[in-house]
Amino acid sequence: MERIHVSVRSKPLSPEDAKSSPWRISGNSIFIPNQPAKFEFDRIFGNECHTLEIYEARTKNIVSAAVQGFNGTVFAYGQTSSGKTHTMRGSITEPGVIPMSVQDLFNFIEMEVDREFLVRMSYMEIYNEEINDLLVPEHRKLQIHESIERGIFVAGLREEIVASPDQVLELMDFGESHRHIGETNMNLYSSRSHTIFRMIIESREKAEDTKTDNSCDAVRVSVLNLVDLAGSERAAKTGAEGVRLKEGSHINKSLMTLGTVIKKLSEGAESQGGHVPYRDSKLTRILQPALGGNANTAIICNITLAQV
């Protein structure tokens, strides 16, 4: 399985936009007829696709691998009002990537009858390059630390022990209510922060005899990150001024760093000893262990083919 997989989800067009849009989709390519440029992706999901198709195409494998001990990250990326939050959170009638991942995570754990598991979750946002704990709103401006024992971690971030999908989703709903959103010309409820929904999975083999001290048994730890990125934007399009302009500047800078990191990783820079600029933004620094090495990464690019 390739470590980095990029797919595209096209937002449904209104009848008017469908008539005026110059872009066309054919197979896994996007192009303008009679123009030489053509953009190829691992997978393109058209206007009629459901989130379940996107989830099963790539994310389900990442969730399964996380239970087996491999770190994984799924991003929803795209401009403001392209459908990222819908893809990740979903709705009552169409669950998103996060609810389906949580449900499958516990299903996969139930199938591992020879191992015992401890699952924790955290939910944070990065707003103007400041880290806030969405589960404990008063925990703001948290700092990133690194140690031999824990590796890279956010000091003071609450990690809740969870035992069921319902418990996880209830905590997620609580955290979502404290996320920074704001109005722009392109979206009445534009996400102004990146959110990282994180599941930490620890497991070890079940001892045949509880009285036996199996000192050779290692604890397996993996992290699954489900990331709803703030929308990339141009100030001229969003009408951003003042606070909104400052937010947009931080958003675009961190997205540019993420793009650079993904590009370096896809080119094999890390395995060849090259420099990967994880430290250039807090987003990539936090996600460093779940991007490099043997980690699995899926990027869902949400786009609209409307003429703007």
Side-chain angles (χ1 to χ4, degrees), residues 1-5 51-52 54-75 88 90 95-124 133 135 145-155 157-175 195-227 265 286-298:
M1 184 170 66
E2 293 293 333
R3 297 299 179 191
I4 300 176
H5 185 275
T51 306
L52 178 61
I54 299 170
Y55 172 76
E56 291 188 336
R58 176 60 175 176
T59 305
K60 190 167 187 172
N61 290 337
I62 293 179
V63 176
S64 175
V67 175
Q68 301 301 320
F70 294 92
N71 291 336
T73 302
V74 180
F75 294 100
M88 297 304 285
V97 167
I98 292 178
M100 287 189 283
S101 297
V102 171
Q103 185 65 57
D104 268 351
L105 177 68
F106 285 96
N107 289 342
F108 289 136
I109 285 175
E110 286 185 9
M111 294 166 61
E112 295 285 332
V113 295
D114 296 328
R115 301 187 70 84
E116 54 187 4
F117 287 81
L118 175 69
V119 181
R120 292 171 285 139
M121 68 156 286
S122 64
Y123 199 19
M124 73 188 97
D133 190 340
L135 297 183
H145 291 249
E146 185 172 7
S147 69
I148 296 175
E149 295 80 14
R150 296 187 60 183
I152 299 167
F153 66 97
V154 178
L157 183 70
R158 173 74 63 85
E159 292 183 351
E160 291 279 356
I161 297 176
V162 289
S164 70
D166 288 343
Q167 184 184 3
V168 173
L169 297 178
E170 183 178 341
L171 288 167
M172 185 181 72
D173 287 340
F174 173 81
T195 60
I196 303 175
F197 178 85
R198 171 172 283 183
M199 303 290 291
I200 304 98
I201 306 120
E202 299 183 18
S203 70
R204 65 181 179 185
E205 290 186 4
K206 291 180 179 178
E208 293 293 335
D209 185 348
T210 55
K211 296 180 180 180
T212 302
D213 181 17
N214 187 1
S215 58
C216 296
D217 182 27
V219 175
R220 180 194 293 167
V221 182
S222 59
V223 177
L224 174 66
N225 298 290
L226 303 171
V227 185
L265 291 173
I286 291 170
L287 295 176
Q288 181 176 346
L291 289 175
N294 289 327
N296 301 304
T297 303

Validation: residues 157-165 side-chain donor-acceptor distances under 3.5 Å, sequence neighbours left out:
residue, atom, partner, partner atom, Å
Arg158, NH1, Glu160, OE2, 3.0
Glu159, OE1, Arg120, NH1, 2.1
Ser164, OG, Gln167, N, 3.2

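Nearest heavy-atom pair, Gly69 versus Arg220, reported as atom, atom and distance to 0.1 Å: CA-CD, 3.4 Å. Across every non-hydrogen atom of Ile109 and Val119, the tightest pair is CD1-CG2, 3.6 Å. Closest approach of Arg58 to Thr297, counting heavy atoms only: NH2-O, 3.6 Å. Gly72 and Ile62 make their closest contact through CA-CG2, 3.8 Å (heavy atoms, listed as atom of the first residue, atom of the second, distance). Of all the heavy atoms in Leu135 and Phe174, the pair that sits closest is O-CE2, 3.2 Å.
At a threshold of 4.5 Å between non-hydrogen side-chain atoms, the residues Thr195 and Val227 do not count as touching. Contact of the Phe153 side chain with the Glu146 side chain is not registered, since no non-hydrogen atoms from C-beta on lie closer than 4.5 Å. In this structure, the side chains of Arg198 and Ile200 come closer than 4.5 Å at one or more pairs of heavy atoms. At least one side-chain heavy atom of Leu224 sits less than 4.5 Å from a side-chain heavy atom of Val63. Inter-residue side-chain proximity for Lys206 and Asp114 is flagged as unmet; no heavy-atom pair is nearer than 4.5 Å.
Remark: Glu170 CD is loosely packed, at most 12 non-hydrogen atoms of other residues, nucleotides or ligands lying under 6.0 Å away.
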Quick one: do Val223 and Met199 satisfy side chain to side chain contact (heavy atoms under 4.5 Å, CB included)? Show the steps, please. CA-CA 6 Å; Val223 177; Met199 303 290 291; over 6 Å; no

Evaluate the criterion side chain to side chain contact (heavy atoms under 4.5 Å, CB included) for residue pair Ile4 and Leu265; output intermediate values, then yes/no. CA-CA 9 Å; Ile4 300 176; Leu265 291 173; 3.9 Å; yes

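A donor-acceptor pair is defined here as one N or O able to donate and one able to accept, closer than 3.5 Å; such a pair exists between the side chain of Ser101 and the backbone of Val97. A donor-acceptor contact shorter than 3.5 Å links the side chain of Thr73 to the backbone of Ala290. With hydrogens and angles disregarded, no donor-acceptor distance shorter than 3.5 Å links the side chain of Asp133 to the backbone of Met124.
Here Asn296 contributes atom CG and Ser222 contributes atom OG; the two are 10.5 Å apart, rounded to the nearest 0.5 Å. Rounding to the nearest 0.5 Å places CE of Met172 at 6.0 Å from OH of Tyr123. The distance from the CG atom of Leu105 to the CD atom of Glu110 is 10.5 Å, given to the nearest 0.5 Å. Atom CD1 of residue Ile286 and atom CG of residue Leu291 lie 11.5 Å apart, to the nearest 0.5 angstrom. Summarising the geometry, atom CE belonging to Met100 is positioned 8.0 Å from atom CD1 belonging to Ile54; distances are rounded to the nearest 0.5 Å. For the atom pair CD1 (Ile201) and CD (Gln68), the distance works out to 10.5 Å, reported to the nearest 0.5 Å.
Defined by atom type and a distance below 3.5 Å, a donor-acceptor pair is present between the side-chain atoms of Tyr55 and Asp104. A donor and an acceptor atom, one from each side chain of Ser203 and Arg115, are located under 3.5 Å apart.
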